[in-house]
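Note on naming: letters A, B, ... go to the chains in the order of the sequence lines (proteins, then strands), and numbering restarts at 1 for each one.
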There are 2 protein chains.
Amino acid sequence: MIPTITAFERSPDGGQGLARDMRVRWALEEAGQPYNVRLVSFAAMKQPAHCALQPFGQIPTYEEGDLVLFESGSIVLHIAERHGGLLPDDANARARAITWMFAAIGTIEPPIVEREQVPFTERDQPWYEARLPLLEQRIRDRLNVLSGRLGTADWLDGGFSAGDLMMVMVLRRAEGMDILEHYPNLSAYIARAEARPAYQRAFAAQLAVATGNSG
Amino acid sequence: MIPTITAFERSPDGGQGLARDMRVRWALEEAGQPYNVRLVSFAAMKQPAHCALQPFGQIPTYEEGDLVLFESGSIVLHIAERHGGLLPDDANARARAITWMFAAIGTIEPPIVEREQVPFTERDQPWYEARLPLLEQRIRDRLNVLSGRLGTADWLDGGFSAGDLMMVMVLRRAEGMDILEHYPNLSAYIARAEARPAYQRAFAAQLAVATGNSG
């Protein structure tokens, strides 16, 4: 059964792969699985029909027969557990790869999203400019550790895994903050991921929505 | 093989079960699994020996033979996948329970931790008091949805699962913010979880560390 995912009808990033459907598209491409996409407008995302699938009114969702999932991490893990290409066979290596998925979402993403959101939520506040350096330092505190842990390795723990997929997607949300540029090994890590054919197919598919070439 | 977890030598909450080792202790108790605890001081948490286990210098960690894991969500999922009591047998229900684990960590916890941390990171800033209502509204925006979704059910999706465990632990971090009190069904949900014998054993074990009665 071919699953259906949801994505923004008009992505705020104009198709640069920062919306969270990109995580799911990339995972499906790594797993070699076809999928359908249903585009959702901002208005429709907050309506009961969509909120029955995703109570918080966000994308992506994942529908496969009777199964409905949300949260990009959960969807990527579901795909990874059912198909090859995203988790190692060895049980311990598999558990460590899943640890990096949780580290991406629980430890690295929150300060990045916080910095990403303030221009939309607090730009009119008198403290807006003064707080930005604090927010950026919180990101650097986490990336200092991540960069040290990655070192000269290609991926976080052995071969490419769903842990790297989630981490790269989370790191990409820090683009434009003048932070990633100061971590050459993290920049190379992101570029290495972006060079993967599965990433490129997923990127092209979501960009086609923005450019109206999705056929 | 009995796993070893790490916990604060002196928990900032004085043993009220808010530190993240409580999540792991509770999961192990639900699964009926014995465990050892190694207490770590704040100084030792930042030293190389601990950072080799947990690169971000935090607790908990989980060691089981050669396997080392961190991130409470990952550890709870590892326990849940290997033992009974935390995930349903049905594959779809299992995937939905894992979705709630990710929702707890990725959607509900960030605004709560943000509000929890500002007294430590921004109390001396001129904007501190003025920002608090914004931070609290962000929590309410998420809890409005969660409360609506839970409705009159006992648990988020059928029987108690690791998704409820993570959600209750995340919600408890909002105690003292005068927010949870306004959601009677979420308060009852937390109380229902706290009444579970496994929760009570885990709570007693971590409280004993704080009171010096851990034998």
Next on the checklist: If only side-chain N and O atoms count, and only distance matters, is there a donor-acceptor pair under 3.5 Å linking A/Ser11 with A/Gln206?
Outcome noted: no

With side chains defined as the heavy atoms from C-beta onward, is the minimum distance between A/Ile108 and A/Leu143 less than 4.5 Å? yes

By residue number, those in residues 130-137 of chain B with heavy atoms under 4.5 Å from heavy atoms of chain A are B/Ala130, B/Arg131, B/Leu134

For B/Arg149, the side chain to side chain contact (heavy atoms under 4.5 Å, CB included) test, sequence neighbours excluded, returns A/Pro55, B/Trp100

Using side-chain heavy atoms (C-beta onward) and a distance below 4.5 Å, is A/Met45 in contact with A/Phe8? yes

What one should report as the nearest heavy-atom pair of B/Arg192 and B/Ala153 is NH1-O, 3.7 Å

Do A/Ile105 and B/Phe102 have side chains that approach each other closer than 4.5 Å (heavy atoms only, starting at C-beta)? yes

**Message:** Here's one to test your reading of the geometry: is the NZ or CZ of B/Arg10 within 45 degrees of the ring axis of B/Phe42 and under 6.0 Å from its centre?
**Reply:** no

By residue number, those in residues 79-96 of chain B with heavy atoms under 4.5 Å from heavy atoms of chain A are B/Glu81, B/Arg82, B/Ala91, B/Asn92, B/Ala95, B/Arg96

Under a plain distance cut-off of 3.5 Å, with no hydrogens placed, do B/Tyr62 and B/Glu64 share a side-chain donor-acceptor pair?
yes

Most heavy-atom pairs under 4.5 Å with chain B, out of A/Arg138, A/Glu114, A/Arg142, belong to A/Glu114

Residue from A/Phe70, A/Phe56, A/Trp127 scoring the most non-hydrogen pairs under 4.5 Å with chain B is A/Trp127

Looking just at side-chain N and O atoms, do B/Asp164 and B/Tyr189 make a donor-acceptor pair shorter than 3.5 Å?
-> yes

| request: Indicate yes or no: at least one non-hydrogen side-chain atom of A/Leu146 is less than 4.5 angstrom from one of A/Leu156. | output: yes

* Any side-chain heavy-atom pair from A/Arg38 and A/Ile5 closer than 4.5 angstrom? -> no

Would you say B/Ser41's side chain and B/Glu9's backbone share a donor-acceptor pair under 3.5 angstrom?
-> no

When the 4.5 angstrom heavy-atom criterion is applied to B/Gln125 and chain A, the contacting part is side chain

Comparing A/Met101, A/Glu109, A/Glu122 against chain B, the one with the most heavy-atom pairs below 4.5 Å turns out to be A/Glu122

Contact list (residues 16-29 of chain B to chain A, heavy-atom gap under 4.5 Å, by number) returns none

Exercise. Within the side chain of B/His50, is there an N or O that forms a donor-acceptor pair under 3.5 Å with the backbone of B/Gln58?
Worked result: yes

Of B/Ser74, B/Pro126, B/Pro111, the largest count of non-hydrogen pairs under 4.5 angstrom with chain A goes to B/Ser74

If you tally heavy-atom pairs under 4.5 Å between each of A/Val145, A/Thr99, A/Thr121 and chain B, the highest tally belongs to A/Thr99

_N/O donor-acceptor pair under 3.5 Å between B/Asn185 side chain and B/Thr152 backbone_ = no

Open item on the list: Distance alone, cut at 3.5 Å: any donor-acceptor contact between the side chains of A/Ser187 and A/Glu181?
Closed with: no

Is the number of heavy atoms from other residues, nucleotides or ligands within 6.0 Å of CG (B/Asp66) greater than 12? no

Applying a strict 4.5 Å limit to non-hydrogen atoms, the region of A/Val113 in contact with chain B is neither

